[in-house]
Every structure is written in C-alpha cells, then in structure tokens.
Amino acid sequence: MQTYIKDLSQHVEQTVVLNGWVSNKRTSGKVAFLVLRDGSGFAQCVVDLATAGEENLERAKRLTLESAIKIHGKVLRDEKQEGGFEIQVTDLHIYSIAEEYPLGKKEHGVDFLMNNRHLWLRTKRQWAIMKVRNSALFAIHRFFQSRGFMQMDSPILTGNACEGTTTLFDTIFYKDDLPAYLSQSGQLYAEATAMAMGKVYTFGPTFRAERSLTPRHLSEFWMIEPEMAFYDLEMNMNLIEEFVRTVVTDVYTECKDELVNILERKTALFDNIHQPFPRIEYDRAVRIIRGEEEVDGKNAIKELEADLEGVRQVIADKQQSLADYEQKLQTPNLKKGEVNYFQSKIDGLKNDLKKLEDDARNIPQWLESARNFPPGEDFGAPDEKALTRLFDLPVFVYKWPSPIKAFYMKRYEDDDNYVKGVDLLAPEGFGEIVGGSQREDDIEKLIERIKEHELPMEAFEWYLDLRRYGSVPHAGFGLGFERLVMWLTGVSHIRETIPFPRYFGRLFP
RNA sequence: GCCUCCUUAGCUCAGUCGGUUAGAGCGACGGACUGUUAAUCCGCAGGUCCUAGGUUCGAGUCCUAGAGGGGGCGCCA
C-alpha cells in the first residue's frame, strides 16, 4: 500500500511503498543513495547490493535527476537524516527516466529560475514556502469561519475604476465597447455583503496595473478583506491583532520544520507574538521616524547610522580576507583542491561585497528620507523600515491625516483632520501588512468626500444606498496574502510566495 | 517613471593596462570508490563573449544606441 514520506514515523521497521521523484543521487560502488521527494516530503533511500540485489542497484545507477520511481523498502530511524528516517530499498521500479535536468544542484540566477518556475517549485526551499502558503491560507479561513464570518466573493470584473487611486487592467465586457476592469479591491462589495450577513470576508485575486518592479509588488495577488457591521476602530484593531496572532501561531505550529530548518527563519517573531501589539498614533510615529522620540532607548536615526557603520566595517573586513585569499592563491605548488577552495572563497566574497556595496549606497538614502520625513505625508518604504526595526512585534499606526487616506474612511468626530484608519506594520523592518479603517457611515459626509476626491457620483449610488437603508458603524481591513507569506517565511522577494507570479515583465511560464 | 549595477560554455562566474590559441567550478559523458549529505577523485567534450554601429594596426575589454536582467525608490497590498 502506498505511503507518503510525511507519514514515515508511523511505519518504523515496516516495509512501505513510496512513489516519487529522484531529487538527488549519489552512487558509490556497491551502494546508491537516492533522495526521493513525493510532494509530502524528502527522504533518503539506500539501494545497497546486499539488500536490494544487483538488478535493483543497476536500475538505481541508471536514474537521472527527477526520474520517477516506485520503491519498496524498510523504514529505518536515522537521526543523521533530515526528517529522521531513511528507507532501505528492497525493490525499485522505474516509471520514467528524466532527460538531463536543467536545474543543477548549485546556485542559479533569478532570471533562469523564473524562466523555469514550473521546475523550480520542485526544490526543497520552494516546496517549503508553498507549504507555509497553504498553511496560512487554511489558518485564515479557520480563523474567520470559527468566529461566525462568512466568505463572500466580490466580483473580479468591475465596471468602474472606482477608488481612482490605482491603475487598473482594462478589458472589454462583451462586444459593445463597454469598458470593464479587473478588480483592484473587493472592499466596497464587502461592505454591501456585511450589511446582509453581518460579518464577512473576501479572499480573492486582485489586479494592479502599476509598473511596480520591486520585491513587494505583484500584478496579480490574493487579498483578504474582512468587513464587520457594528464595529468601530478599536474593535477593528482588536480583531486584526487576534487574527494576525492566530495565523502566525497556527502556521508556526504546522510548519515549524519548514520555517526553521529549511527556510532558516529567525524565530524571534514566533516567540514574541503572544505579547500585546504596540498601538501608536501617526503623529508619534512621525516623531519616532525623525529621531525626535525614542522607543525603549532606541533611536531610529541612530540605529540606521549604526547600520551604515556596520556595513562599512563588514566591507572592510571582507576586502581584507579577499586580499588574503588572493595572496594565498599565489603560493607555489598548490594542490588542485586548495586552488578550488581559495577560488570559491574569493568568488563568494566578491558576491557578498556586491550586495554590501548596494547597501552602503542605499542606507544613506534611507537615512535622508527618515531624517527629513515631512509630517502629514504617507510613509515610504524606508520610513516604515526605520520605524519597525525598533520593534520586535507588529505595530499599529492609527489616527492618520485625512488628506492621505481613502475617501471612505471615517473622520474623528472631534478632529476633522484625522481619520479612523489603521495600518499594521510588521517588525524587523518588513513594513505594512494590513491596512484598515472604520468606514464613513454618514451619507452627507460620504457624498462630500466623493465630491472632494472628484469621483463619479453615479458609480457610487449603490454604495450610498448602504448608508440610506440602515446605516451602521462598520469597519474592516485588507491583508495582502503574498505579503503575509513573505513575512512569515522571511523570503526577500514576493515572487517566491506564489506558484506562478505575475509582475511587470513576467507573464510566463 | 527615476537612480544604480550587470549581460562571457547548459548553469554560476573569473578574464588585470586594448594584444597572440577566452578560463574555472558545477552539470553532461567515460572511469574509480560500501555510508554519501551541493559527496570526493581521475579523464573528456562544450563558446554568435546580449544586439547593431563606431574608435583602433588590433575590441570580451573603450565609445554611442538598443534589448534583457538584478538592487534601491516611487505608485501600493
């Protein structure tokens, strides 16, 4: 009966059948080591002449990387192995011998890997990221479903470029030149369904046509947008906090091995997540970014300056060891192994230096941005970095200046200059993962805002109906799913968090 | 859209001041090895130096334009 690698612990000392692909192979005379992957995990399978016999060993030696096989074998406990088990093969069947596999065991460049995304997904690291993605997806549904929320899909095709802020992909709705757009947000529709169902969330694809070519942007991504009737800003923040804490905790529980051992994610986040998230007003956040106020004795500007100094020191150190290795390479009568060793050290150092020199060029710009941050403006990426690196927990920033926030956000009753918006910024310099607000529920004020933002009133008639017929205080938030996965896994680029990313310049495969 | 770095073998990269026949590692292929973890060792094959112009006795190397890519910023989630 077929077993999966993730279940090997239940079959110790038993004979099992595994189907899978050869992700690595080493042969050594009378023994072959096959690393088998079956989608559920990776396991080393030993084909040994004494146990498996000559025919099976010959078959094992013929295998190429990514050939598909079926094996019969005994499950042995082996602490040296990742996962803790290995298979002593007794029989080996070949489904297919793979042609020469394009992905080698050494490092590849990003462009090559993206062109081979359909194969790249088979590697251990990408497999781990996808497992975390799936775990997060299920944790999100579980969180909302267990709290009485209903999942309500919002339309993907919409008739208006509504909020007016972003560039949308456009298309034609049937033949009569009726313009249609791919949705940039489900929020307005979520507000409508919340008035029907009480507490709802959307979880669907979102499209943005800005030519943003950064590690944080995709043209097509998935977004979670809960919307709750009878919720104010405070309740919204409480929900966001409980939501983020639960998802982080659930994912860590389910994917600890992938996060810690394969992705080498720092665990500080998972250790701290149970503490209350700091909540700071925008005005205070600005003072912190500008270095005018400290957090637990830490100053944003001074931290950045120390970073820059640190990077410069590391560059100096690496340049010194580079010179040392180049010196050693000149030693007469070196063995081939020694030459290779020194050469690989030199290549590695040169690579490190390239990245560090990028940092040394960029940090002064970030410093400039933080130091001169103009109060009243929205935070840029460097400003969020300067702020969040002072915290080891996600931090709420609320009470934002009205002019920089969306038209539908409710203003403070006692101060028209601020709205009841809130962003949740992830720590360790990551930046925004959640943006939300209490919504404007007064129809007169909402009409005023729509006029101020010069939006087409007729397109919002249905939205205004929500205020005409039983308007209630309500609130909601949006979470970019891939950004969440990026933060959870600690990968440095969003393109690795979705199976087939779509971004400016990338439509294939 | 702006700033910056890059493009040399299937892959990752060296290539000094412009100089004669362009190199290494990995991968592939042939071989050695009973415990390997990106195994190791020996041998062998592999090139439109991104494209188009230009400077020069001579261009992988210098100049101009174009294409593609990385990093940072903006727009944003």
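Note that the coordinates shown come from a computational prediction; the quantities given were computed from them, not determined experimentally.
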Does [X] have a side-chain nitrogen or oxygen under 4.0 Å from the phosphate oxygens OP1 or OP2 of [N]?
| X | N | answer |
| --- | --- | --- |
| A:Arg26 | B:U36 | no |
| A:Asn24 | B:A39 | yes |
| A:Trp366 | B:G72 | no |
| A:Arg495 | B:G70 | yes |

Rounded to whole angstrom units, what separation is found between the [atom1] atom of [X] and the [atom2] atom of [N]?
| X | N | atom1 | atom2 | answer |
| --- | --- | --- | --- | --- |
| A:Leu182 | B:C76 | CG | C1' | 17 Å |
| A:Arg208 | B:C76 | CZ | P | 9 Å |
| A:Arg216 | B:G70 | CZ | C1' | 16 Å |
| A:Phe504 | B:G70 | CZ | P | 11 Å |

Next on the checklist: Cation-pi check for A:Phe508 against A:Arg117: NZ or CZ below 6.0 Å from the six-membered ring centre and within 45 degrees of the axis, yes or no?
Outcome noted: no
Checklist entry - Do the numbers put A:Lys25 on top of the ring of A:Phe33, so that NZ or CZ is under 6.0 Å from the six-membered ring centre and no more than 45° off the axis? => result no
Write down the distance separating the [atom1] atoms in [N] and [M], rounded off to the nearest Å.
| N | M | atom1 | answer |
| --- | --- | --- | --- |
| B:U37 | B:G74 | P | 46 Å |
| B:G19 | B:C3 | C1' | 37 Å |
| B:U61 | B:C17 | C1' | 10 Å |
| B:G23 | B:U8 | C1' | 10 Å |

Any chance you could measure [X], atom [atom1], to [Y], atom [atom2], to the nearest 0.5 Å?
| X | Y | atom1 | atom2 | answer |
| --- | --- | --- | --- | --- |
| A:Leu218 | A:Phe481 | CG | CZ | 12.5 Å |
| A:Arg506 | A:Glu220 | CZ | CD | 14.0 Å |
| A:Gln187 | A:Thr206 | CD | OG1 | 11.5 Å |
| A:Thr64 | A:Ile94 | OG1 | CD1 | 9.0 Å |

Checklist outcome for this item: Contacts of A:Leu213 and A:Pro102 projected onto RNA chain B by closest heavy atom; the upstream (5') one is A:Pro102
Next on the checklist: Counting the benzene-type ring for Trp, do A:Phe203 and A:His141 have ring centres under 6.0 Å apart?
Outcome noted: yes
Checklist entry - Any stems for RNA chain B, made of 3 or more Watson-Crick or G-U pairs in a row, each with both distances under 3.5 Å? => result B:1-7 with B:67-73, B:10-13 with B:23-26, B:29-32 with B:40-43, B:50-54 with B:62-66
Next on the checklist: Show, in sequence, the C-alpha distance, side-chain angles and deciding distance for A:Arg265 and A:Glu428, and conclude whether the salt bridge (Lys or Arg N to Asp or Glu O under 4.0 Å) test is met.
Outcome noted: CA-CA 12 Å; A:Arg265 175 72 164 89; A:Glu428 302 160 322; 3.4 Å; yes
Checklist entry - Counting only non-hydrogen atoms, which of residues 39-59 of chain A are less than 4.0 Å from RNA chain B? => result A:Gln44
Next on the checklist: Can you tell me if A:Phe500 has over 12 outside heavy atoms packed within less than 6.0 Å of its CZ?
Outcome noted: yes
